[in-house]
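Inspection log for the structure reproduced underneath, given as structure tokens.
Any value given below was found using the heavy atoms of this structure, including those in side chains, with hydrogens, waters and symmetry copies removed. Remember, predicted model here, so these are calculated numbers, not experimental data.
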Amino acid sequence: MQIMVRDNNVDQALRALKKKLQREGVYREMKMRRHYEKPSEKRAREKAAIRRARKMERKAAERDGSK
């Protein structure tokens, strides 16, 4: 990853770098790797994410269908 510093404006370059890191998910991954996660906990977390996504889809379909 590369950020260009223009006109010695380091603050602007830092903001651009932080935004890129955020978009790439680096901060989220760092947070996840801070502590060990058991494989069973990882599976449960992933299943919960899938359940949440399906529930949101169902609710959106209900809202669209009722209009």
Side-chain angles (χ1 to χ4, degrees):
M1 191 172 298
Q2 194 174 37
I3 301 290
M4 301 301 255
V5 178
R6 296 186 187 136
D7 302 327
N8 287 330
N9 195 348
V10 178
D11 291 330
Q12 185 178 6
L14 267 176
R15 264 188 282 139
L17 176 65
K18 286 179 182 180
K19 192 181 290 187
K20 269 192 178 182
L21 290 173
Q22 181 91 27
R23 247 185 271 132
E24 295 288 325
V26 173
Y27 289 129
R28 191 178 325 117
E29 188 171 341
M30 283 171 40
K31 186 178 177 184
M32 293 299 296
R33 289 175 184 247
R34 203 168 280 162
H35 300 289
Y36 177 74
E37 183 178 27
K38 292 180 3 183
S40 60
E41 291 172 346
K42 182 178 179 181
R43 279 192 305 271
R45 181 176 47 81
E46 289 171 351
K47 279 186 179 181
I50 292 169
R51 278 195 304 270
R52 276 194 310 276
R54 286 184 183 155
K55 185 176 181 180
M56 285 178 59
E57 286 175 8
R58 266 197 315 272
K59 286 190 172 205
E62 284 178 12
R63 261 186 269 122
D64 294 340
S66 65
K67 285 185 179 178

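Hydrophobic clustering, with ILVMFWY side chains joined whenever heavy atoms are under 4.5 angstrom apart, groups V26 together with I3.
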Pairs under 3.5 angstrom only: tabulate donor-acceptor contacts from the side chains of residues 7-20 to other protein residues two or more places apart or in another chain.
from : atom 1 : to  : atom 2 : distance (Å)
N9   : OD1    : Q12 : N      : 3.4
N9   : ND2    : Q12 : OE1    : 3.1
K20  : NZ     : Q2  : O      : 3.4

May I have the list of side-chain donor-acceptor pairs in residues 41-59 shorter than 3.5 Å, sequence neighbours left out?
from : atom 1 : to  : atom 2 : distance (Å)
E41  : OE1    : K38 : N      : 3.3
R45  : NE     : E37 : OE2    : 2.9
R45  : NH2    : E37 : OE1    : 3.1

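In this structure E29 satisfies the salt bridge (charged side-chain N to carboxylate O under 4.0 Å, His left out) test together with R33, sequence neighbours excluded.
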